[in-house]
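Heads up, the thing below is written out as structure tokens.
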Amino acid sequence: MANVTVYSTPTCPFCHKVKDYLKEHNIEFSDIDVAADQDKAKEMVEKSGQMGVPVVDIDGTIIVGFDKDAISQKLGI
């Protein structure tokens, strides 16, 4: 199974869409609230080069935003 991490904030609608999509397909993931954890926010920016959320890390592949096609392709769903 893939190692999936979602960097998100509680108020981001696309963050909720990413997490709902992963849940629909029974994909386990770690959810990191970058609004509450500044160290993780910095980590997210270093990985993605982006300040915006969501950022999805799938086995080291970084996907910015809710890119359903890219997420599906990487996870084989």
Side-chain angles (χ1 to χ4, degrees):
M1 184 170 280
N3 184 15
V4 181
T5 302
V6 178
Y7 295 88
S8 65
T9 62
T11 58
C12 162
F14 287 103
C15 298
H16 290 285
K17 289 180 188 241
V18 165
K19 292 184 275 188
D20 289 345
Y21 183 70
L22 294 171
K23 288 174 190 172
E24 284 171 22
H25 293 281
N26 298 313
I27 304 295
E28 291 183 22
F29 62 94
S30 299
D31 182 20
I32 297 175
D33 179 358
V34 296
D37 189 334
Q38 291 304 304
D39 289 336
K40 291 295 185 180
K42 184 178 176 185
E43 175 183 289
M44 176 193 79
V45 172
E46 288 171 358
K47 284 184 177 186
S48 69
Q50 300 288 319
M51 296 283 296
V53 287
V55 170
V56 184
D57 181 341
I58 304 171
D59 291 333
T61 298
I62 303 301
I63 300 168
V64 178
F66 179 37
D67 186 339
K68 188 188 278 188
D69 292 339
I71 293 167
S72 297
Q73 183 178 13
K74 184 66 182 169
L75 292 172
I77 55 176

Nearest-0.5 Å distance, [atom1] of residue [X] to [atom2] of residue [Y]:
X   : Y   : atom1 : atom2 : answer
L22 : I58 : CG    : CD1   : 7.0 Å
S8  : K40 : OG    : NZ    : 12.5 Å
K23 : H16 : NZ    : NE2   : 9.0 Å

Quiz item: Under 4.5 Å between any side-chain heavy atoms of F66 and V56, yes or no?
Solution: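 Not in contact.
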
Exercise. Answer yes or no: is there a side-chain heavy-atom contact under 4.5 Å between D33 and P10?
Key: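 The answer is yes, as the side chains (C-beta and beyond) meet within the 4.5 Å cut-off.
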
Exercise. Look at atom CD of E24 and say whether more than 12 heavy atoms of other residues, nucleotides or ligands are closer to it than 6.0 Å.
Key: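 Buried by this count: over 12 neighbours within 6.0 Å.
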
Quiz item: Given the rule in the side chain to side chain contact (heavy atoms under 4.5 Å, CB included) test, do L75 and V4 qualify, once you have shown the distances and angles that lead to the verdict?
Solution: CA-CA 9 Å; L75 292 172; V4 181; 4.0 Å; yes

Do [X] and [Y] sit in one hydrophobic cluster, given that two such residues count as connected whenever their side-chain heavy atoms are within less than 4.5 Å of each other, even indirectly?
X   : Y   : answer
F14 : Y7  : no
V64 : I71 : no
V55 : Y21 : no
M51 : V34 : yes
I62 : V18 : no

Quiz item: Checking side chain to side chain donor-acceptor pair (under 3.5 Å) against K74, which of D67, D69, D59, T61 comes through?
Solution: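 Of the listed options, the one satisfying the test is T61.
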
Quiz item: How far apart are the closest heavy atoms of A35 and Q38, and which atoms are they?
Solution: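 The answer is O-NE2, 3.7 Å.
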
Practice problem: Give the intermediate values and the outcome of side chain to side chain contact (heavy atoms under 4.5 Å, CB included) for residues V53 and M44. | Solution: CA-CA 9 Å; V53 287; M44 176 193 79; 3.7 Å; yes

